[in-house]
J.: 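What follows is a single structure, and I will ask about it in a moment.
As the structure is a prediction and not an experimental result, all values here were calculated from the model. Quick note on labels: first sequence line is chain A, next is B, and so on, each numbered from 1.
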Protein chains: 2
Amino acid sequence: MQKACFMNARATRNQIVEAADQLFYEQGFEHTSFSDIAETVQISRGNFYYHFKSKDEILDAVIGCRLANTRSMLEKWEADSARPGDRIQSFIRILIMNQTKIMLYGCPVGTLCAELGKLDHPSQANAEQLFDTFLDWLSRQFTLLGHDQGAKTLALHILARSQGVAMLANVYRDEAFIEREVRDMCSWLESLAGSEGLHDEENQRDVHRPS
Amino acid sequence: MQKACFMNARATRNQIVEAADQLFYEQGFEHTSFSDIAETVQISRGNFYYHFKSKDEILDAVIGCRLANTRSMLEKWEADSARPGDRIQSFIRILIMNQTKIMLYGCPVGTLCAELGKLDHPSQANAEQLFDTFLDWLSRQFTLLGHDQGAKTLALHILARSQGVAMLANVYRDEAFIEREVRDMCSWLESLAGSEGLHDEENQRDVHRPS
DNA sequence: GTCTATACCTGGATAGAC
DNA sequence: GTCTATCCAGGTATAGAC
């Protein structure tokens with residue numbers, strides 16, 4: 001009996017988080033109301049407060065969920081490829097993998113952080129962890145590639161480029177643009193593999209060397 | 001008399017647009033209320049409706065204002081530098097020029113388009129014109145540089161990179177990161193000047209050549 | 001032109017029946 | 001656990017005095 005109830009509670013809780021996750025992505029956090037979520041989950045508005053104390057708490061649950069998904073995705077990429085270069089390529093290729101959604105709604109991480117920033121929302125730091133997770137993982141891969149000095153710089157660089165591509169892909173819905181940029185990032189990556197690495201020093205000149 | 005009244009009307013109208021412009025940038029469009037604007041302009045909420053029919057109309061006025069400012073900025077850059085390479089550098093260096101605001105609020109163009117996209121707002125296309133303006137201008141400069149085939153591709157590339165830098169600069173507030181990326185974009189630009197140009201063809205390999 | 005007052009709605013949140 | 005009913009704050013928008 002206890003068990004059954006508990007399972008039901010967890011089930012609807014998960015449904016709420018799942019629906020909120022999607023709606024926050026598609027419509028933004030502030031713009032999605034309890035009514036929106038209630039409609040897709042098919043529960044009453046009042047029922048939310050059995051599972052969560054506030055809307056912000058739902059947001060935190062969503063961020064937690066995304067964090068978990070991200071981590072397992074990164075683990076999978078690590079398991080699937082032995083070579084760090086291939087792993088980084090997996091990262092770059094999410095732009096292709098998720099291109100439909102990215103063209104419609106942008107990057108889920110970037111758009112969330114940007115919105116929470118404008119709202120000056122207390123969960124900003126939480127959302128930032130999503131970026132941190134990618135950043136740390138990428139840094140590790142670049143270190144394994146032999147760039148232990150500039151690993152974080154390189155990670156930030158490729159992360160920024162993906163964000164830029166996602167942003168413009170969302171605005172212009174241009175598939176060819178995405179493919180072109182992904183190809184370019186991949187060849188940048190290949191060119192890196194052969195070089196001796198970059199340093200984090202004050203007067204370092206380039207992140208990569210174009211010709 | 002008529003004249004004086006008209007001038008007053010225009011004056012407060014401009015104040016409203018100016019205040020809305022800033023607040024939309026800092027807090028986002030949806031998140032800024034009439035009360036917010038009224039407070040900074042020091043007028044009553046009811047008075048808005050003498051100047052605008054709705055909040056959306058204020059938004060359109062703000063976008064129009066930003067468009068005008070953008071165009072005059074681009075004209076100035078064109079007047080200040082004879083060489084297209086230097087003009088493009090002016091574009092890249094807005095990231096430095098406006099770094100304080102960018103670290104606080106992101107890119108005004110990107111964040112607005114992203115928000116209106118999530119809201120599925122009717123003025124999305126209007127806001128997109130801001131990107132178009134930069135894109136067309138950059139394309140022209142790249143054409144002048146001798147890259148008439150891939151000019152738009154290159155314009156999109158550098159625009160995307162700026163967006164990515166602005167995005168991460170906003171999230172991480174990292175000044176050194178901005179400077180590094182700006183340097184990198186500038187050296188990419190220099191490397192382009194010497195090359196023979198890139199084509200828009202289907203199987204074009206790279207947007208730029210790293211090493 | 002600008003104000004005050006107010007209508008109307010939707011949002012998040014609470015209370016209590018079942 | 002879930003519902004209905006309700007509260008209250010805040011938003012946009014309108015009416016009408018000045």
Side-chain angles (χ1 to χ4, degrees), chain A residues 1-24 26-63 112 115-116 118-123, chain B residues 1-21 23-24 26-63 115-116 118-123:
Chain A
M1 256 323 125
Q2 272 292 71
K3 182 71 179 295
C5 291
F6 175 68
M7 290 306 279
N8 283 343
R10 241 185 53 140
T12 65
R13 204 196 120 103
N14 286 343
Q15 283 182 306
I16 292 173
V17 173
E18 202 178 338
D21 187 7
Q22 192 177 336
L23 287 167
F24 289 173
E26 296 174 3
Q27 311 183 329
F29 167 70
E30 197 177 27
H31 191 60
T32 37
S33 65
F34 279 83
S35 307
D36 292 329
I37 307 174
E39 201 173 352
T40 73
V41 185
Q42 296 281 23
I43 59 168
S44 70
R45 269 173 305 149
N47 190 9
F48 280 106
Y49 296 88
Y50 175 79
H51 303 278
F52 301 95
K53 276 201 294 289
S54 68
K55 195 185 177 188
D56 288 354
E57 219 171 68
I58 300 182
L59 174 61
D60 285 335
V62 167
I63 293 174
L112 181 65
E115 181 181 2
L116 297 185
K118 298 252 172 196
L119 304 185
D120 200 21
H121 194 282
S123 294
Chain B
M1 257 324 127
Q2 272 293 69
K3 182 70 179 294
C5 293
F6 175 70
M7 288 306 280
N8 284 343
R10 246 191 44 147
T12 65
R13 204 195 120 104
N14 285 344
Q15 282 182 308
I16 292 172
V17 173
E18 202 178 338
D21 187 7
L23 287 168
F24 289 173
E26 295 174 3
Q27 310 184 330
F29 167 68
E30 198 177 27
H31 191 60
T32 35
S33 65
F34 279 83
S35 307
D36 292 329
I37 307 174
E39 202 173 352
T40 72
V41 185
Q42 295 282 23
I43 60 170
S44 71
R45 270 172 306 149
N47 191 8
F48 281 105
Y49 294 88
Y50 175 79
H51 302 279
F52 302 95
K53 277 203 293 290
S54 69
K55 195 185 176 188
D56 287 354
E57 220 172 67
I58 300 182
L59 173 61
D60 285 333
V62 166
I63 293 174
E115 181 181 2
L116 297 185
K118 299 252 171 196
L119 305 185
D120 199 21
H121 194 282
S123 294

J.: Could you give me the CA-CA distance, side-chain angles and deciding distance for B/His121 and B/Asp56, then say whether side-chain hydrogen bond (donor to acceptor under 3.5 Å, both in side chains) is met?
T.: CA-CA 9 Å; B/His121 194 282; B/Asp56 287 354; 2.9 Å; yes

J.: Please state whether the phosphate of D/dG10, meaning OP1 or OP2, lies under 4.0 angstrom from any side-chain nitrogen or oxygen of B/Ser33.
T.: no

J.: Would a 4.5 Å heavy-atom cut-off, applied to side chains only, mark B/Asn47 and B/Ile16 as touching?
T.: no

J.: Take the protein atom CD1 of A/Ile16 and the nucleotide atom P of C/dA13, then report the distance between them rounded to whole Å.
T.: 13 Å

J.: Whole-Å distance between D/dT12 P and B/Phe29 CZ?
T.: 9 Å

J.: From CZ of B/Phe48 over to P of C/dT4, roughly how many Å is that when rounded to an integer?
T.: 13 Å

J.: Under 4.5 Å between any side-chain heavy atoms of B/Leu23 and B/Ile37, yes or no?
T.: yes

J.: Determine whether B/His31 and A/Glu30 make a side-chain contact, defined as any pair of heavy atoms from C-beta on separated by less than 4.5 Å.
T.: yes

J.: Would you find more than 12 non-hydrogen atoms of other residues, nucleotides or ligands less than 6.0 Å from B/Gln27 atom CD?
T.: yes

J.: Would you please classify the geometry between the B/Phe34 ring and the B/Phe48 ring as parallel, tilted or perpendicular, with 30° and 60° separating the classes?
T.: perpendicular

J.: Provide, to the nearest angstrom, the distance between the NE2 atom belonging to B/His31 and the P atom belonging to D/dG10.
T.: 12 Å

J.: Please give, in whole Å, the distance from D/dG11 C1' to B/Asp36 CG?
T.: 11 Å

J.: Please state how far atom CZ in B/Phe52 lies from atom P in C/dG1, giving the value in whole angstrom units.
T.: 14 Å

J.: Does A/Phe24 reach the side chain of A/Ile63, with side-chain heavy atoms less than 4.5 Å apart?
T.: no

J.: Think B/Ser54 has a side-chain N or O under 4.0 angstrom from the OP1 or OP2 of D/dT12?
T.: no

J.: Return the value, rounded to whole Å, for the distance between atom CG of A/Leu59 and atom P of C/dA13.
T.: 12 Å

J.: Roughly how many Å is it from NE2 in B/His121 to P in D/dT12, rounded to a whole number?
T.: 12 Å

J.: Measuring to OP1 and OP2 of C/dT14, would you say a side-chain N or O of A/Tyr49 lies under 4.0 angstrom away?
T.: no

J.: Could you run down the sub-3.5 Å N/O contacts of the protein with nucleotides 2-6 of chain D?
T.:
from: D/dT2; atom 1: OP2; to: A/Thr12; atom 2: OG1; distance (Å): 3.1
from: D/dT2; atom 1: OP2; to: A/His51; atom 2: NE2; distance (Å): 2.9
from: D/dT2; atom 1: O5'; to: A/Asn47; atom 2: ND2; distance (Å): 3.2
from: D/dC3; atom 1: OP2; to: A/Ser44; atom 2: N; distance (Å): 2.8
from: D/dC3; atom 1: OP2; to: A/Ser44; atom 2: OG; distance (Å): 3.1
from: D/dC3; atom 1: OP2; to: A/Asn47; atom 2: ND2; distance (Å): 3.4

